[in-house]
Amino acid sequence: QVQLVESGGGLVQAGGSLRLSCRASGRTISDFVMGWFRQAPGKEREFVAGISRSGGSTYYEDSVKGRFTISRDNAKNTIYLQMNSLKPEDTAVYYCAAGFGVRVKEESNSYNYWGQGTQVTVSS
């Protein structure tokens, strides 16, 4: 069993930055591909970014490319999402997820473990 705990969310003005963290316990994250998803009110959960087991490959949803950076520190059993140039449309609950798959997938059903989420609110 894997427990994932996100932190780092909050309220920020448009153009600002936040860094989300997701710390895992119960199993080493080097066994998993990892991803960040988000869900805004009234919308479905959507893929934001993913990273391979080694960290050598990263993937981003088009609207966050060039603004967000996903990274992982397997020694600390933690992944991160650096979010820059934030926009009001980035407002959502952000979730960390871990999957047994070999490749990063955008589909949420490809992930086996989920955190409880952290709220990110971007004011205009």
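- For residues 69-81, the pairs satisfying side-chain hydrogen bond (donor to acceptor under 3.5 Å, both in side chains) are R72-N74, with sequence neighbours left out.
- Of the candidates Y94, Y95, F47, F47 is the only one forming a ring pair (Phe, Tyr, Trp, His ring centres under 6.0 Å) with F37.
- Considering CD of Q13 and OG of S123, their distance stands at 5.0 Å, rounded to 0.5 Å.
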* Could you go step by step and tell me if C96 and I79 meet the side chain to side chain contact (heavy atoms under 4.5 Å, CB included) rule? -> CA-CA 8 Å; C96 167; I79 70 165; 3.8 Å; yes

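- In this structure, the separation between CD on Q116 and CG on L4 is 9.0 Å, given to the nearest 0.5 Å.
- Every residue two or more places apart in sequence or in another chain that forms a side chain to side chain contact (heavy atoms under 4.5 Å, CB included) with S63 is listed here: R38, E61.
- Heavy atoms of other residues, nucleotides or ligands lying less than 6.0 angstrom from CD of E107 number more than 12.
- Proximity of I51 to F32: side-chain heavy atoms (C-beta onward) are nowhere separated by under 4.5 Å.
- Taking each heavy atom of M83 and V120 in turn, the nearest pair found is CE-CG2, 3.9 Å.
- Counting only residues at least two apart or on different chains, the side-chain hydrogen bond (donor to acceptor under 3.5 Å, both in side chains) pairs with a member in residues 18-37 are Q3-S25, R27-D31, T28-S30.
- Residues V12 and V48 share a single hydrophobic cluster, defined by chaining ILVMFWY side chains whose heavy atoms lie under 4.5 Å apart.
- Interatomic distance, R67 CZ to Y60 OH, rounded to the nearest 0.5 Å: 12.0 Å.
- Nearest heavy atoms, V104 versus G50: CG1-CA, 3.8 Å.
- In this structure, L11 CG and Q119 CD are separated by 9.5 Å, a value rounded to the nearest 0.5 Å.
- Ion pairing between a basic and an acidic side chain is recognised when a charged N comes within 4.0 Å of a carboxylate O; D90 and K87 show no such pairing.
- The minimum heavy-atom distance between R53 and V33, with the atom names listed, is CG-N, 3.8 Å.
- Hydrophobic clustering of Ile, Leu, Val, Met, Phe, Trp and Tyr side chains at less than 4.5 Å, counting indirect connections, unites M34 with F100.
- In terms of modelled atom types and a separation under 3.5 Å, the side chain of S124 and the main chain of P88 share no donor-acceptor contact.
- The two residues S85 and S17 make their nearest non-hydrogen contact at N-OG, 4.3 Å.
- Note that OG1 of T58 and CZ of F68 are 14.0 Å apart. Values are rounded to the nearest 0.5 Å.
- The two residues Y111 and G35 have their closest heavy-atom pair at CE2-N, 3.9 Å.
- I29 and A24 make their closest contact through CG2-CB, 3.2 Å (heavy atoms, listed as atom of the first residue, atom of the second, distance).
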